[in-house]
Amino acid sequence: MFSASAPSSAPSPSWDWTHRLTQLGPRFFTRLQPTPLAAPVWAMRNRALLDELGWSSDLLDDAHLSAFAGNSVLPGSDPMATVYSGHQFGQWAGQLGDGRAIWLGEAPSRLGPQEIQLKGAGRTPYSRGGDGRAVLRSSIREYLCSEAMHGLGIATTRALCLVASPEPVRRETLETAALVTRLAPSFLRFGHFEHFAAQGDVDSLRTLADHAIAHHLPECHARAEHLNGNVYAALLQVVQERTAHLLAQWQAVGFCHGVMNTDNMSLLGLTIDYGPFQFMDGFDPGHICNHTDTQGRYAYSRQPNIAYWNLFCLAQALLPLIEDQDLTLQVLEGYKTGFPRELGDAMRAKLGLTGDLATEDQREADWQLVEDLLQLLASERVDYTLFWRRLSHAVASGWGQHKPHAPATDVQDLLIDRHRWQAWLSRYQARLGQADLAQIGQTMLRTNPKFVLRNHLAELAIRQAQTGDYSEIETLHNLLKSPFDEHLGFEAHADLPPDWASQLEISCSS
Ligand code: AMP
Ligand code: MG
């Protein structure tokens, strides 16, 4: 069972905690205490994030290790786990909830109030068969990927610290436990709303929606003016647009989430719940990163449609509040034009085509350029990240005019069908025309990252951490938090994956 006895007190940072979610009433959560974790040690401490938040640096001192291991409570916190439901792999899964994430409360920061969760802090009433723990392997992946996404400018939950423990945890094999402290303005998921809708509890549904609008999405009020004054339709619209934006960014950077169940969809449009995710190596639209996703439901190219499917579930849940089916469908429909526009913008930016106010015809023509390129990359499984980075360098150097080594050749080196490549390149060069290539190239180098968290990089850091050496996680964190910088001396981290990388199997089990 989950632990009911209160662990001893830890010294507290001077936060004025708030608990706006628990104030909504007991239907939304269960109070509980984290389960103590044996012999914890710091694996990672994100001091850069502390600075961003304006939180005192002593928060990550040894005095607080026990609090971030779940062995003591930060005074002022009010630990609890929330209930949610959701659709998993296209099927209604019924009640789920925070099975291993414990909320401590909300603390003010320079970035606004932050909800704080300990992930892997032991069993909760929502753990079902699970042990409430997270293993070191998956916790490292979550820590690094949250910060990598942030470095890329993609909305995400953040990772404050990672605590490791020798405590054994059984997955496919015996592993060890770890705990990530993660932050977000709100951890609300589509599934929180589906839960109360499925119960027919419209009062709770309204309470939750009003909470989300008041504290996290106040722009809904202004939006409602264009939606017959319907603030709940506005809520759906804001979430729909944020989701479209997020998905466009995922697709543009080649990110596969892996488990886009509705309980893993953030109401704020954040990337949340890092499990079997992957940044693609060779470009393959059909790529499935989750070894357990045998049907390929969450394949890379399907993600945008799955997001729409998930939004449809959210819309159904909100319908008792919106009370207008036509308006609900109209808001959902916005995704069908909004997402392609977001994706078009994101891909045009990768090509450096941001300087002009494009007409619809121009956008159409640019999209054709993008599609033809993606087909070429897919047909040869060209390394996605390397391609865009080398293209950016090629443009920045004026196709090799300003540097002794001709980077235009470097891009070409990635391709086999040179004739097809040259044909595309001529069209692209014509499109860029007389523009200032150096300037466009510099913008592209701030758009197309040099470093992404490739599976093999995470794997190497994990293997090292399993021996108690956390230095490679630190190295990766440093590269990934500024992925557009060159970081000279770390070329190997930006290189093609080794052959063994394609054999890595990443599954939901974490
Ligand atoms: P996921 O697919 O990882 O997002 O998890 C789906 C559901 O299973 C959520 O309710 C999680 O809280 C729960 N869950 C996942 N792993 C565990 C675990 N080790 N112990 C308890 N609950 C878990
Ligand atoms: Mg989840």
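Indexing begins at 1, ligand by ligand and atom by atom, following the structure's order. These values consider heavy atoms only, across backbone and side chains, with no hydrogens, waters or symmetry-generated copies.
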Which atoms of ligand 1 sit under 4.0 Å from any heavy atom of Arg128? 7 (C), 8 (O), 13 (C)

Side chain, backbone, both or neither: which applies to Tyr84 and ligand 1 if a contact is any heavy-atom pair less than 4.0 Å apart? side chain

Quick one: does Arg171 get a heavy atom under 4.0 Å from ligand 1? yes

Could you tell me whether the side chains of His19 and Glu106 share a donor-acceptor contact shorter than 3.5 Å? no

Heavy atoms only: which of Gly99, Gly132, Gly258, Gly120 lies closest to atom 18 (C) of ligand 1? Gly132

Is Arg123 close enough to touch ligand 1? Criterion: a residue heavy atom under 4.0 Å from a ligand atom. no

Over-ring placement of Arg297 relative to Trp309, 6.0 Å and 45° cut-offs: yes

Taking the six-membered ring of Trp250 (Phe, Tyr or Trp), confirm whether the NZ or CZ of Arg302 is under 6.0 Å from its centre and within 45° of its axis. no

At a 4.0 Å cut-off, with the gap strictly under it, does some heavy atom of Gly97 reach an atom of ligand 1? yes

With under 30° as parallel and over 60° as perpendicular, where do the rings of His477 and Tyr143 fit, or are they tilted in between? perpendicular

The atoms of ligand 1 lying under 4.0 Å from a heavy atom of Leu96, numbered in the order shown, are 10 (O)

Are any of the N/O atoms in Tyr126 less than 3.5 Å from those in ligand 1? no

From atom 23 (C) of ligand 1, work out which of Arg133, Lys119, Arg100 has a heavy atom at the shortest distance. Arg100

Heteroatom test (N, O or S) for Asn264 near the Mg ion (ligand 2), limit 2.8 Å: yes

Any nitrogen or oxygen of Gln88 lying under 3.5 Å from a nitrogen or oxygen in ligand 1? Just yes or no. no

Is a salt bridge present between Arg27 and Asp203, judged by a nitrogen-to-oxygen distance below 4.0 Å? no

Identify whether the distance between the nearest side-chain nitrogen and carboxylate oxygen of Arg45 and Asp62 falls below 4.0 Å. yes

Using only N, O or S atoms, tell me which atom of Asp273 is closest to the Mg ion (ligand 2). OD2

Is Asp131 touching ligand 1 with its side chain, its backbone, both, or neither, if touching means heavy atoms under 4.0 Å apart? both

Less than 4.5 Å apart, side chain to side chain, heavy atoms only: is that true for Val73 and Pro79? yes

Parallel, tilted or perpendicular, as decided by the 30° and 60° cut-offs, for the rings of Phe277 and Phe255: parallel

